[in-house]
Visitor: 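Sharing a structure here in structure tokens format.
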Amino acid sequence: AKGVGERRVYERCEQSATARLREIFFRRFQAPGESPPDGLVTDRMGGGQARVVHAYGVLVLLLGLILFFGFFGPGLAGFFYHLFHGSYREDTKANSEHFTECDIQAYIPISRKEGLAYPLIAADVSGFDNKYLPFTVAKDEDYYTQSLF
């Protein structure tokens, strides 16, 4: 008898979802006297009952697919469409002002403190010309005194 071992009776239990789907779609009906394939149909079922179980499995699978694609389909279609097709809308309009024509030669950060005659320079004074500073001192060496570097 099928499934009889030494001391117990067993039936194979296939838990794989892909095996179940494969069986639902590609299962062949058994010939008279042939043992049925494993899965939805067992050997205790007759031919008519096996066909009804197979038809029910196909119906449940198709309805599940319809529900899945009905719920997730529009989102997936939109995702794949927008993955390859984009759109761009300007937030503002460009004007005719060109910022490259500004007469900014350098920016040197300074810090003005109460009680100091000249502001502190937050840059290395040896890296630029003193004419870019907003103040002048008597000697060039005095700029190094005001530098924080």
Side-chain angles (χ1 to χ4, degrees), residues 2-3 5-30 35-45 49-149:
K2 179 182 179 196
E6 290 182 16
R7 294 197 174 137
R8 58 187 155 149
V9 176
Y10 68 92
E11 286 187 20
R12 182 170 177 246
C13 181
E14 178 65 56
Q15 295 294 325
S16 168
T18 54
R20 291 282 177 136
L21 292 174
R22 197 175 333 121
E23 178 192 347
I24 288 173
F25 279 116
F26 303 114
R27 182 182 90 66
R28 60 181 176 83
F29 289 107
Q30 68 205 38
S35 64
D38 294 327
L40 294 175
V41 179
T42 65
D43 58 352
R44 292 182 294 277
M45 293 182 182
Q49 188 179 9
R51 283 190 291 279
V52 168
V53 168
H54 178 71
Y56 176 74
V58 169
L59 178 69
V60 166
L61 180 67
L62 291 177
L63 288 176
L65 288 173
I66 289 171
L67 282 174
F68 178 81
F69 285 112
F71 187 76
F72 293 110
L76 287 172
F79 168 75
F80 284 110
Y81 176 79
H82 291 294
L83 189 62
F84 298 105
H85 298 91
S87 63
Y88 173 75
R89 189 184 53 161
E90 298 181 40
D91 290 335
T92 60
K93 298 285 184 194
N95 58 22
S96 61
E97 185 178 344
H98 296 284
F99 295 102
T100 56
E101 295 175 1
C102 295
D103 191 29
I104 297 175
Q105 300 295 321
Y107 172 74
I108 297 136
I110 59 170
S111 175
R112 299 185 190 276
K113 298 290 181 190
E114 290 280 330
L116 294 178
Y118 299 104
L120 296 173
I121 304 168
D124 185 12
V125 180
S126 63
F128 58 88
D129 193 4
N130 298 335
K131 70 178 182 178
Y132 299 120
L133 291 171
F135 62 92
T136 57
V137 291
K139 297 184 282 182
D140 285 344
E141 293 82 28
D142 292 338
Y143 288 113
Y144 289 99
T145 327
Q146 297 303 118
S147 177
L148 295 174
F149 285 88

Visitor: Write down the atom of Phe135, the atom of Tyr143, and the distance for their closest heavy-atom approach.
Guide: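 The pair with the smallest heavy-atom distance is O-OH, 3.6 Å.
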Visitor: Verify whether the ring centers belonging to Phe68 and Phe72 lie closer than 6.0 Å.
Guide: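 So the answer is yes for these two rings.
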Visitor: Could you grab the distance from atom CG of Leu120 to atom CZ of Arg112, nearest 0.5 Å is fine?
Guide: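 Here the rounded value is 10.5 Å.
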Visitor: Only one of Leu65, Leu67, Val60, Leu59 clears side-chain contact (heavy atoms from CB on, under 4.5 Å) with Leu63; which?
Guide: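 Testing each of Leu65, Leu67, Val60, Leu59 against Leu63, the sole residue satisfying side-chain contact (heavy atoms from CB on, under 4.5 Å) is Leu59.
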Visitor: Out of curiosity, Ile110 CD1 to Gln146 CD, how far, rounded to the nearest 0.5 Å?
Guide: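 Reported value, rounded in 0.5 Å steps: 10.5 Å.
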Visitor: Once rounded to the nearest 0.5 Å, what's the spacing between atom CG of Leu133 and atom CZ of Phe128?
Guide: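 Rounded to the nearest 0.5 Å, the CG-CZ separation comes out at 4.5 Å.
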Visitor: Rounded to the nearest 0.5 Å, how far does CD1 of Ile121 lie from OH of Tyr144?
Guide: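 With rounding to 0.5 Å, OH (Tyr144) is 10.0 Å from CD1 (Ile121).
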Visitor: Rounded to the nearest 0.5 Å, how far apart are CD1 of Ile108 and CG of Asp129?
Guide: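 It is 9.0 Å, given to the nearest 0.5 Å.
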Visitor: How long is the gap from OG1 on Thr136 to OH on Tyr118, to the nearest 0.5 Å?
Guide: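 Here the rounded value is 6.5 Å.
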Visitor: Is a donor on one side and an acceptor on the other found under 3.5 Å between the side chain of Ser147 and the backbone of Ala123?
Guide: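 Yes, the answer is positive, given that a donor and an acceptor are paired below the 3.5 Å cut-off.
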